[in-house]
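For reference, the structure is listed below as structure tokens.
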Protein chains: 2
Amino acid sequence: MSDLLERLRGRGWRLTAQRRVVAEVLDGGGASHVHLTADEVHARAAARLPEISRATVYNTLGELVSLGEVIEVATDGRAKRYDPNAHRPHQHLVCSRCGAIRDVHPGGDPLADLPAAERFGFTVSEVEVTYRGLCPNCAGA
Amino acid sequence: MSDLLERLRGRGWRLTAQRRVVAEVLDGGGASHVHLTADEVHARAAARLPEISRATVYNTLGELVSLGEVIEVATDGRAKRYDPNAHRPHQHLVCSRCGAIRDVHPGGDPLADLPAAERFGFTVSEVEVTYRGLCPNCAGA
DNA sequence: TCCTACGATAGACAGAGTCTAAGTCAAGAA
DNA sequence: TTCTTGACTTAGACTCTGTCTATCGTAGGA
Ligand SMILES: [Mn+2]
Ligand SMILES: [Mn+2]
Ligand SMILES: [Zn+2]
Ligand SMILES: [Zn+2]
């Protein structure tokens, strides 16, 4: 995602300090297993650019999602999380107790598990799989 | 439905008009592909029992979920849906445009697709699969 | 019938996200 | 370089979903 800003400029984005900071927060360090909420993104962005507003963070995140640069993940009934790891398809493993999230890469094609007879005429294009359980910390004796 | 009320009574539930109406709304007609939001449940319940409160609907739904009689489904970032089809395991197929939901029963065991090396020490106990696409109505034209 | 603990109610409150009106500024034009 | 303008940002009001609390009511047992 390091050339993210390049791609965005190529898409006609006006490059503002706010957008740059949001992109940097999401891409920070290249750690691909980051799943921040909008408010967490806002907090980190505000550390670099104190006057940035919540609305701008939401707007920018929404644009990044539309552009396919970021994936929206709703694991629980709480705040959505924003996932910069949009270029390698993956699923999520979530701790039922503490909410920790890990990227996982299951084998097989989950779409293939849904026979035509179970598709009811839908044009199925996407599958989202969430594995739930206890993380080592929460399960630990 | 009468089964449900029986089971609830057996569990020590005090049988009030409000709880009865909520249970009837969820179980209404035995159509198992009902996925109502809390507010939809409230609206239908209020048609039979006008003074029923939102809080009671939320409380009752929460109790039914705890008892395993109803499943909470969060397909989008919007309101949770309450699924009375709790006794036959299934997954969901959701229309990306209109939000229509269908129950589906994929083959294979989705848990088996997650190799041990991808479990990161988690005790994985549950998988939730959401298929997305366009329903016949939304795809046509 | 009476008692009372459990349940229902209204409405305040909270979290997450959207929207609007007004001000600001990135970037192309001259 | 300066000008211009429409895209962008902002504060804060607003919506939607859900939770909580204080008070009132009643199901069901004695
Ligand atoms: Mn991820
Ligand atoms: Mn269902
Ligand atoms: Zn945990
Ligand atoms: Zn549809």
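From a predicted model like this one, the values you see are computed outputs, not experimental measurements. Convention: sequence-line order gives letters A, B, ...; per-chain numbering from 1.
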Write out a two-atom table: protein N or O, nucleotide N or O from nucleotides 16-18 of chain D, distance below 3.5 Å.
unit_1, atom_1, unit_2, atom_2, d
D:dG18, OP1, B:K80, N, 2.9
D:dG18, OP2, B:Y58, OH, 3.0
D:dG18, N7, B:R54, NH2, 2.9
D:dG18, O6, B:R54, NH2, 3.3

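Look at NE2 on A:H42: it is 14 Å from P on C:dA16, rounded to the nearest Å. To the nearest angstrom, C1' of C:dC25 lies 12 Å from CZ of A:R19. Counting to the nearest Å, the C1' atom of C:dG17 and the CD atom of A:E63 are 15 Å from each other. Taking atom CZ on B:R11 and atom P on C:dC6, their separation rounds to 18 Å, with Å as the unit. With rounding to whole Å, B:E51 atom CD is found 18 Å from D:dC24 atom P. When rounded to the nearest whole Å, the span between CD1 of B:I52 and P of C:dA10 equals 10 Å. Following rounding to the nearest Å, B:L15 (CG) and C:dC6 (P) show an atom-to-atom distance of 17 Å. Counting to the nearest Å, the P atom of D:dT10 and the CG atom of A:L49 are 7 Å from each other.
A salt bridge links A:E40 to A:R81: one of the charged nitrogens lies within less than 4.0 Å of a carboxylate oxygen. Between B:R88 and B:D103 there is no salt bridge, since none of the side-chain N atoms of the basic residue sits less than 4.0 Å from a carboxylate O of the acidic one. With respect to B:E69 and B:R11, a salt bridge is recorded, a charged nitrogen being found less than 4.0 Å from a carboxylate O. Ion pairing between B:R48 and B:E24 holds under the 4.0 Å rule for side-chain N and carboxylate O.
Tracing side-chain contacts under 4.5 Å through hydrophobic residues (I, L, V, M, F, W, Y), one never reaches B:Y82 starting from B:I71; they form parts of separate clusters.
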- Does the pair A:R7 and A:L4 meet the rule for a side chain to side chain contact (heavy atoms under 4.5 Å, CB included), with working shown? CA-CA 5 Å; A:R7 288 202 298 281; A:L4 171 59; 4.0 Å; yes
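Residue B:T16 has no polar side-chain atom (N or O) positioned under 4.0 Å from OP1 or OP2 of D:dT26. In terms of phosphate contacts, A:Q18 brings no side-chain nitrogen or oxygen within less than 4.0 Å of OP1 or OP2 of C:dC25.
Rounded to 10 degrees, the angle between the two end axes of the helix from C:dT1-D:dA30 to C:dA30-D:dT1 is 20°, with five pairs used at each end.
The side chain of A:N59 has D:dT10 as its nearest neighbour among D:dG28, C:dA8, D:dT10.
One finds the OH atom of A:Y131 at 13.0 Å from the CD atom of B:E126 (value rounded to the nearest 0.5 Å). Between the NE2 atom of A:H90 and the CD atom of B:E118 there is a distance of 11.0 Å, given to the nearest 0.5 Å.
Remark on DNA chain D: of its neighbouring residues B:W13 and B:A55, the 5'-side contact belongs to B:A55, judged by nearest-heavy-atom nucleotide.
The aromatic rings of A:H35 and A:H92 stand perpendicular to each other, their planes meeting at an angle above 60°, with 30° marking the opposite boundary.
With hydrogens and angles ignored, a donor-acceptor pair closer than 3.5 Å exists between the side chain of B:R14 and the base of C:dC6.
As judged by a 4.0 angstrom heavy-atom cut-off over every strand, B:T56 is placed among the base-contacting residues.
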